[in-house]
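Okay, structure first, notes after.
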Amino acid sequence: MKILLNLATLKKGGGQNVGLNMVKCLISEKYDLSKFSFVVAKGSPIEMELKNNEVKEIISVPKNPLKRMILELTKGRKIIKQFHIDVVYTLFGIGLYPKSCKQVSGSADSNIFFPEINFWDGYTGLARLKKTIVDKYRILALKRVDAVVFENEAMLTRSKELFQLPNTLFSKPSINPDFPEAPLELPSFSSDLKIGLFLCGWQKNKNYMLIPEILSEFKKKEIKFHIVITAPKSEKISYTEFMDKVNSFDVEDRITVLGPVKKTELRALYQNIDYVFLLSKLESFSNNIIESWFFKKVLVISDKEWSNAICKEGALYVDRDNPLGIVEKILSIEEDSTKKASIIAKGDGILKTYPSIKEKVDLELNYINSLYESN
């Protein structure tokens, strides 16, 4: 069996890290690379990793989604024939390759499995129409493949209820415990100050616009609390909108817009904070979860079906739209050290059930092999 490992959709963020981890594992653990061909985004870190290790069968495609899809439709059959492909595994997203071979896709588009949630709230007109069309395409594409891999059990369950997907695999995210130490320049915080972290960009789904209201509630209670957000100041429109709200609530001295951090700086960042905020409306998964457990910080997360499925008792659940409620929940565990320690311990316990990168790779490859052999 030969697999076309389609990593072309992975250009940034957590998805790219997952793909990079898989590629590094295949190389370092000396898998038989003659059984794989790799489709990658041109100029991506994944492409560089493969080329630096002199991997032979690399197909580089445009980063632009439309151009990539046209290439898949027009040249996909030729690629399948040229490289003698039996199965296409698109790690996240959809590949438009011919159905002459089995196709497996990983799905991280959580909103299509929770239609009752108005995920695109705030989008109107043409922008809203585009999002709706893309979602409908994703649903049709999922039904087209032979199997779907999920990292969230709630999404897997919903996939069967809503779309009757016959072949699915639950594959927990893997742990990469390699967090090299590198210095990170942070403001000098006083020892009695509690620090919260929003490790995200200007994505409205993360609910970062609630930060000024949260800090205002702490201020009213005369509680010293500071929030660090890693979104970039360079994105002027979002940054200005955010800072206007910060100033309107008079909490500018309680917020640090740090900007993006490198992976090598994560350890230093987490060592300087107390709480990790993940107030998303929906997520398939988030590195914030694993990292908060790994560094033994309290995870403050939206009380939703998707989050409960992942975190169980390893998080502090809050109403994502209630700043006063969030503050009161945090103060309640600040006053109850046993409960706080229990949340951290539960998270650490769940983390221990997560696979290594190699275990995850083996699980998915074995599943693909069994699917192929059942033909």
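Counting begins at 1 with the first residue of the sequence. Being a predicted model, the structure only gives us computed values, none of them experimental.
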Compare all side-chain heavy atoms of Tyr31 with those of Leu26 and state whether any distance is below 4.5 angstrom.
yes

Ion pair Asp362/Lys358, N-O distance below 4.0 Å
yes

Tell me whether Lys131 is salt-bridged to Asp135, with the criterion being a basic N under 4.0 Å from an acidic carboxylate O.
no

Between the side chains of Lys172 and Thr353, does any donor sit under 3.5 Å from an acceptor?
yes

Kindly compute the distance separating CE (Met155) from OG1 (Thr157), expressed to the nearest 0.5 Å.
11.0 Å

Can Lys297 and Glu291 be counted as an ion pair, charged N to O under 4.0 angstrom?
no

Report the distance from atom CD1 of Ile133 to atom CG of Leu126, rounding to the nearest 0.5 Å.
8.0 Å

Assess whether a salt bridge exists between Glu364 and Lys360, defined as any Lys/Arg side-chain N lying under 4.0 Å from an Asp/Glu carboxylate O.
yes

From Lys339 NZ over to Leu316 CG, what is the distance, rounded to the nearest 0.5 angstrom?
6.5 Å

Taking the six-membered ring where the residue is Trp, are the ring centres of Phe150 and Phe170 under 6.0 Å apart?
no

To the nearest 0.5 Å, atom OG1 of Thr90 lies from atom CG of Asn6 at 4.0 Å

Quick check: Trp202 with Tyr208 (ring centres under 6.0 Å apart)?
yes

Of the options Lys219, Lys220, Lys245, which is the one that meets Asp250 in a salt bridge (Lys or Arg N to Asp or Glu O under 4.0 Å)?
Lys219

What I want to find out is whether Asp109 reaches Arg138 closely enough, with some N-O distance under 4.0 Å, to be called a salt bridge.
yes

Residues Ala154 and Trp306: closest non-hydrogen pair is CB-CA, 4.3 Å

Smallest separation among heavy atoms of Ser302 and Ser307, with atom names:
O-OG, 2.6 Å

Side chains of Gln103 and Tyr97: donor-acceptor distance under 3.5 Å anywhere?
no

So CD1 of Ile46 and NZ of Lys24: to nearest 0.5 Å the spacing works out to 10.0 Å

Any donor-acceptor N or O pair under 3.5 Å, side chains Glu47, Ser60
yes

With distance as the sole criterion, is a donor-acceptor pair present between the side chains of Asn167 and Tyr367 under 3.5 Å?
no

Rounded to the nearest 0.5 Å, what separation is found between the OG atom of Ser107 and the CG atom of Leu91?
12.0 Å

Residue of the set Arg320, Lys206, Lys304 for which salt bridge (Lys or Arg N to Asp or Glu O under 4.0 Å) holds with Glu283:
Lys206

Salt bridge or not for Lys262 and Glu265, using N-O below 4.0 Å?
no

Less than 4.0 angstrom from a charged side-chain N to a carboxylate O is my criterion; do Asp192 and Lys224 meet it?
yes

Give a yes or no on whether a salt bridge exists between Glu57 and Lys35, defined as a side-chain N under 4.0 angstrom from a carboxylate O.
no

Pairing of Glu72 and Arg68 as salt bridge, 4.0 angstrom limit:
yes

For Leu299 and Asn288, the nearest pair of non-hydrogen atoms, with its separation, is CD1-O, 4.5 Å

Where do Tyr317 and Lys329 come nearest, in terms of heavy atoms and distance?
O-NZ, 2.5 Å

Can a salt bridge be assigned to the pair Glu116 and Arg158 using a cut-off of 4.0 Å between side-chain N and carboxylate O?
yes

